[in-house]
Number of protein chains: 2
Amino acid sequence: MIIAFENYLRLQTDLNGADIRRIGALAVPRKLRRNEFLLREGEVCRHKVFIVSGLLRTFGLTPDGSEHILQFSPENTWTLDAESYDRQIPSHYSISAVEPGEVLLWTKADFDGLLEEIPQLKSFAGQLISRNIYSGRQRLLTALSATPEKKYEDFIKNSPELLSRLPLRMIAAYLGISLKTLNRVRQAQLLRS
Amino acid sequence: MIIAFENYLRLQTDLNGADIRRIGALAVPRKLRRNEFLLREGEVCRHKVFIVSGLLRTFGLTPDGSEHILQFSPENTWTLDAESYDRQIPSHYSISAVEPGEVLLWTKADFDGLLEEIPQLKSFAGQLISRNIYSGRQRLLTALSATPEKKYEDFIKNSPELLSRLPLRMIAAYLGISLKTLNRVRQAQLLRS
DNA sequence: TGAAATTAGCGTCAAATGACCTCTTTTTGA
DNA sequence: TCAAAAAGAGGTCATTTGACGCTAATTTCA
């Protein structure tokens with residue numbers, strides 16, 4: 001499990017073997033069952049999380065109890081609630097497993113130490129954060145401007161591999177449309193093809 | 001004009017006087033007229049921008065030509081298109097002045113130099129970026145989940161000072177609702193009070 | 001394996017929304 | 001200062017959307 005993570009670092013960064021092992025050595029593995037929570041709204045996000053296998057979702061609840069999904073995190077990606085983690089304050093969002101899977105956890109103290117000791121890790125983390133910002137912007141623009149049709153098309157274009165792994169109601173919760181509307185969009189696409 | 005910026009840094013950071021003057025020395029002032037563009041979609045964002053006075057907006061265009069506003073930037077805030085600036089690639093968004101105003105510009109080369117030389121500036125910049133991420137998250141959740149009523153209430157709660165400075169059509173373009181719907185929401189609020 | 005839970009899909013209906021239009025008032029900039 | 005442009009407000013109407021209820025198929029997990 002940690003091997004998989006070390007391979008990821010080898011492929012995605014130019015970190016040397018010693019540093020990679022140092023990072024892996026501080027990771028704590030954890031298995032997740034379907035629907036198990038990694039973080040609940042109101043708790044403090046105490047770990048940085050790398051997903052080795054499985055699929056997580058980050059979502060917020062509205063007062064009426066409905067879920068809205070901010071992010072899906074499949075294998076070989078990272079997740080956390082940034083504000084809660086950075087400032088160690090209660091989180092506004094929850095993170096739970098859509099599929100069973102395995103993750104690696106680092107405490108903030110440990111990871112901050114690694115960032116200080118390994119400049120290349122810091123630069124890599126910065127790149128990940130940047131990419132997140134860019135895609136978040138695009139996502140906001142789509143949420144503001146696109147029709148349900150367009151939102152669904154964008155989703156398929158950006159995340160084709162997730163389509164078959166997610167129940168439609170979660171895709172609807174991610175796009176900010178009702179399941180009914182999503183079904184209508186899909187129906188219309190079938191007719192057109 | 002640069003004095004105002006230096007005061008801002010004095011208030012918001014613990015940078016010392018020498019560093020503050022060093023940062024100010026590399027700034028290039030520019031005046032903006034109403035509706036003047038600072039960045040056009042397709043251009044590369046070559047500067048970091050601090051707004052001394054006035055009000056800017058960052059927006060994206062949809063294929064049908066309608067504008068959707070990602071961000072308002074009033075005095076004493078910063079703006080740029082992060083992806084275009086970081087990677088020096090054509091921007092997906094435009095930035096223009098809602099009100100006439102004054103801004104300070106730093107080229108990426110100059111600002112990168114300052115970040116290297118002044119660790120406290122780097123840490124301050126990091127804080128600003130973080131805050132931007134947090135509020136972007138919240139904004140996305142609102143865009144996905146809230147009714148037009150709630151979106152407008154959130155806007156008033158988060159940015160009361162902008163309400164009187166913006167034409168309603170821009171508020172509508174920021175909230176992702178039509179001007180008609182915004183008017184209906186406002187009408188309903190008048191009746192309720 | 002088999003019962004229970006979840007999911008996909010559809011019909012109906014009421015409500016919300018946006019497109020298009022007009023009219024008046026306010027603001028802008030030459 | 002004054003003509004032109006922009007903004008605010010509202011009316012009508014067609015369309016889109018979501019809420020609710022139902023059934024059948026699929027998946028989950030004890």
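Residue numbering restarts at 1 for every chain, and letters A, B, ... go by the order of the sequence lines.
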Nearest-angstrom distance from the residue atom [atom1] of [X] to [atom2] of [N]:
{"X": "B:Leu179", "N": "C:dT22", "atom1": "CG", "atom2": "C1'", "result": "14 Å"}
{"X": "A:Arg184", "N": "C:dC10", "atom1": "CZ", "atom2": "C1'", "result": "10 Å"}
{"X": "A:Gln189", "N": "C:dA8", "atom1": "CD", "atom2": "P", "result": "16 Å"}
{"X": "A:Arg33", "N": "D:dC29", "atom1": "CZ", "atom2": "P", "result": "9 Å"}
{"X": "A:Glu99", "N": "D:dC29", "atom1": "CD", "atom2": "P", "result": "12 Å"}
{"X": "B:Leu144", "N": "D:dT17", "atom1": "CG", "atom2": "P", "result": "15 Å"}
{"X": "A:Tyr152", "N": "C:dA8", "atom1": "OH", "atom2": "C1'", "result": "12 Å"}
{"X": "B:Asn183", "N": "D:dG11", "atom1": "CG", "atom2": "C1'", "result": "13 Å"}

Sugar-phosphate, base or nothing in reach of A:Arg34, heavy atoms under 4.0 Å: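 Sugar-phosphate, backbone atoms only, no base.
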Between B:Tyr93 and A:Gln138, a side-chain donor and acceptor under 3.5 Å: yes
Donor-acceptor side-chain pairing of A:Thr107 and A:Arg46 below 3.5 angstrom: no
NZ or CZ of B:Arg137 within 45° of B:Tyr134 ring axis and under 6.0 Å: no
Test: A:Arg165 cationic atom under 6.0 Å from A:Phe72 six-membered ring centre, within 45° of axis: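 No; the conditions do not both hold, so A:Arg165 does not lie above the ring face of A:Phe72.
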Nucleotide nearest A:Lys180 (side chain, heavy atoms from C-beta), chosen from C:dC10, D:dA9, D:dT12: C:dC10
Between [X] and [N], is there a side-chain N or O to OP1/OP2 distance below 4.0 Å?
{"X": "B:Gln187", "N": "D:dG10", "answer": "yes"}
{"X": "B:Thr181", "N": "C:dG18", "answer": "yes"}
{"X": "A:Arg186", "N": "C:dG9", "answer": "yes"}

DNA chain C: 5'-proximal contact among B:Leu182 and B:Asn35 (nearest heavy atom):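 It is B:Leu182 whose nearest nucleotide is closer to the 5' end.
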Ring centroid separation B:Tyr174 to B:Phe59 under 6.0 Å: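 That pair fails the under 6.0 Å test.
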Aromatic ring pairing B:Trp106/B:Phe5, orientation class (parallel under 30°, perpendicular over 60°, tilted between):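 Tilted: the ring planes of B:Trp106 and B:Phe5 meet at 30° to 60°.
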Main-chain N/O of A:Lys150 paired to A:Thr147 side chain as donor or acceptor, under 3.5 Å: yes
Within residues 153-178 of chain B: residues closer than 4.0 Å to DNA chain C (heavy atoms): B:Ile177, B:Ser178
